[in-house]
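The figures here come from the full heavy-atom set of this structure, side chains too, leaving out hydrogens, waters and symmetry mates. One-based numbering, in listed order, for ligands and for the atoms of each.
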Amino acid sequence: SAADTVKGNFTKNIAVYDDSLHDREMLEQQLIEDFPAALREKQFDVYFQPKFDVRPEKPVMCSAEALVRWKHPKLGMISPGIFIPLFENNGLIFQLDCYVWTEAAGRIRDWKERLGITLPVSVNVSRVDMYEPGLVDLLRELCEQNGLHDGELLLEVTESAYTGNSEQIVEKVRQLREIGFRIEMDDFGSGYSSLNMLSTLPIDALKLDMQFIRNAFKEKKDTRLLEMMIRLAETFRVPVIAEGVETAEQVAALKEMGCDIIQGYYFSRPLPGADFETFMLENRPAGGDCFRPKEG
Ligand code: C2E
Ligand code: MG
Ligand code: MG
Ligand code: MG
C-alpha cells in the first residue's frame with residue numbers, strides 16, 4: 001500500500017517511487033486529498049538549519065534556512081522531496097509556502113523579543129509562487145506585521161525559476177529587492193540558467209547546488225569546476241553559499257577555495273524550532289550582515 005511504501009523511507013525517499021506506477025499514483029492522490037486537513041491540523045512543521053560564515057578565523061552562525069516537514073498521521077514523516085513537486089503541480093504550493101513563511105516570520109520575531117537574538121532566516125519560494133499576483137504584497141505585509149527589517153527574511157529562489165517566462169520572473173525579483181528583500185539563487189548550476197543571464201540578474205547570493213560539493217571530493221576535474229563556480233560568484237561580487245557540506249575536510253577545502261558561507265550536516269541537520277533555539281543559544285549568531293555585497 002501507499003502507507004507501506006512511504007514508511008521508513010524518509011531519508012531514502014527516491015525508493016518511494018520504486019514500486020509500481022499505480023502505487024505512486026495512489027500515494028500522490030492521497031497526499032493531495034490529505035492536504036487541506038493537514039494544513040488545518042498543523043501537521044506541517046518548520047525546521048531550521050544554520051548557515052555559518054566561514055570568512056572569520058572561527059566560523060560564526062549568520063543565518064538559517066527554514067525547511068518544511070510533514071508529519072502525516074498515517075504515513076509518518078514525508079520528505080519535501082516528495083510533496084513539494086506534487087503540490088507545485090497541483091496548485092497547492094502557494095498555500096503551503098504562505099504557511100511556512102508565516103511560521104518563519106513569527107519565529108524570527110519571537111527570537112528577537114524573547115531571546116534578544118536577531119537571525120536572518122531564508123525561506124524557499126517555489127518557481128510556481130513567482131507567478132502569484134499577490135506575492136509581493138503578501139511578503140511585504142508579513143514583514144510589516146512581524147516588525148521585520150530589511151534582510152531579516154531572505155528568499156531562496158531556485159535557478160530553475162528563472163527559466164520559462166524569465167522576463168516576468170526577473171521583474172518580480174526586482175520588485176522584491178526594491179522593497180528590501182534579499183534573494184539567494186538556490187541550486188545554482190543544476191542546469192538551467194545561462195551564464196549570459198547572470199550578469200543582468202538581480203540577486204544577492206549564489207547557493208551552489210549540493211551536487212557540486214558532492215562531486216568535487218570524488219574527481220579532480222570536479223574540484224576545478226567547484227573552484228570555477230566560486231570564482232564566478234566573485235565576478236558578480238555576491239557571497240557564495242555551499243550546502244550539503246558534511247565533513248571537516250570539505251569545510252577546510254571550501255574555505256581555501258574562497259567560499260563564504262556553509263550550510264550542511266557538518267554544522268547541523270535541520271532542527272525543529274525548540275532544538276534550533278538551543279543550538280542558537282550555544283552558537284551565538286554573529287548579528288552582522290553576512291550577505292553584504294563584496295568590496296572591490
Ligand atoms: P533546498 O532548498 O536546496 O534545501 C536543501 C536540502 O538539503 C534540504 O533538504 C536539507 O535538509 C538538505 N541538506 C542540508 N544539508 C545537508 C547535508 O549536509 N547532507 C545532505 N545529504 N543533505 C543536506 P529537504 O529539507 O529534504 O528539502 C528538499 C527540498 O525541498 C529543498 O531543497 C527545497 O527545494 C524544497 N523545500 C523544502 N522546504 C520547502 C518549503 O517550505 N517550500 C518550498 N517551496 N520548497 C521547500
Ligand atoms: Mg533552499
Ligand atoms: Mg538548494
Ligand atoms: Mg534543492
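- Classified by interplanar angle (parallel below 30°, tilted 30° to 60°, perpendicular above 60°), the ring pair Phe44/Phe87 is perpendicular.
- Minimum-distance N/O/S atom of Asp186 relative to the Mg ion (ligand 2): OD2.
- Between Glu234 and Arg231, at least one side-chain nitrogen of the basic residue sits less than 4.0 Å from a carboxylate oxygen of the acidic one, meeting the salt-bridge criterion.
- A salt bridge links Arg24 with Glu28: the distance from a Lys NZ or Arg NE/NH1/NH2 to an Asp or Glu carboxylate oxygen falls below 4.0 Å.
- Contact between Lys207 and Glu184 at its shortest, heavy atoms only, is CD-OE1, 3.8 Å.
- Residue contact annotation: Glu156 places no N/O/S atom under 2.8 Å from the Mg ion (ligand 3).
- The Mg ion (ligand 2) lies under 2.8 Å from an N, O or S atom belonging to Glu65.
- With ligand atoms numbered from 1 in the order given, ligand 1 contributes 3 (O) to contacts under 4.0 Å with heavy atoms of Asp187.
- Under the side chain to side chain donor-acceptor pair (under 3.5 Å) criterion, Glu277 pairs with Arg114, not counting sequence neighbours.
- Distance check for Thr158 against the Mg ion (ligand 2): none of its N/O/S atoms falls below 2.8 Å.
- With no hydrogens or angles considered, no side-chain donor-acceptor pair links Asp187 and Gln211 at under 3.5 Å.
- Shown in contact with Val68 at under 4.0 Å from a heavy atom are these atoms of ligand 1, numbered in order with element: 38 (N), 39 (C), 40 (C), 41 (O).
- Closest approach of Val46 and Ala66 over heavy atoms only: CG1-CB, 3.7 Å.
- Ligand 1 has no nitrogen or oxygen under 3.5 angstrom from a nitrogen or oxygen of Glu88.
- In the candidate list Phe94, Tyr99, Tyr265, Phe87, Tyr265 is nearest to atom 16 (C) of ligand 1, counting heavy atoms.
- Some N or O of Asp97 is nearer than 3.5 Å to an N or O of ligand 1, by distance alone.
- For ligand 1 and Val245, the ligand atoms under 4.0 Å from any heavy atom of the residue are 18 (O).
- Against a heavy-atom cut-off of under 4.0 Å, Arg69 is close to the following atoms of ligand 1: 11 (O), 24 (P), 25 (O).
- For the pair Ile84 and ligand 1, the shortest N or O to N or O distance does not fall below 3.5 Å.
- In the vicinity of Gln49, heavy-atom distances shorter than 4.0 Å reach the ligand 1 atoms 14 (C), 15 (N).
- Taking every non-hydrogen atom of Pro80 and a distance limit under 4.0 Å, the qualifying atoms of ligand 1 come out as 24 (P), 25 (O), 26 (O), 27 (O), 30 (O), 37 (C).
- Between Tyr266 and ligand 1, not a single N/O pair is under 3.5 Å apart.
- The shortest N or O to N or O distance between Gln263 and ligand 1 is not under 3.5 Å.
- The distance from atom CZ of Phe212 to atom CE of Met229, rounded to the nearest 0.5 Å, is 3.5 Å.
- Asp187 has its closest N, O or S atom to the Mg ion (ligand 3) at the position named OD1.
- Residue pairs that meet the side chain to side chain donor-acceptor pair (under 3.5 Å) test with at least one member in residues 87-98, sequence neighbours left out, are Glu88-Ser126.
- We find that Lys71 and Glu41 are not joined by a salt bridge, their nearest charged nitrogen and carboxylate oxygen being 4.0 Å or further apart.
- Atom-to-atom distance recorded for Gln263:CD and Ile241:CD1 is 7.5 Å, nearest 0.5 angstrom.
- Evaluated for a side-chain contact (heavy atoms from CB on, under 4.5 Å) with Met61, the options Arg284, Met280, Glu282 yield exactly one hit, Met280.
- Taking every heavy atom of Val100 and a limit of under 4.0 angstrom, the matching atoms of ligand 1 come to 41 (O).
- Numbered from 1 in the order shown, with element, the atoms of ligand 1 that lie under 4.0 Å from a heavy atom of Glu246 read 17 (C), 18 (O), 19 (N), 20 (C), 21 (N).
- The residue Arg269 has no part lying near ligand 1, judged by heavy-atom distances below 4.0 Å.
- Within Glu243, the N/O/S atom positioned nearest the Mg ion (ligand 3) carries the name OE2.
- Within the structure, ligand 1 has Met210 among the residues with a heavy atom less than 4.0 angstrom away.
- In summary, the side chains of Ser122 and Lys51 do present a donor paired with an acceptor at a separation below 3.5 Å, with no hydrogens or angles considered.
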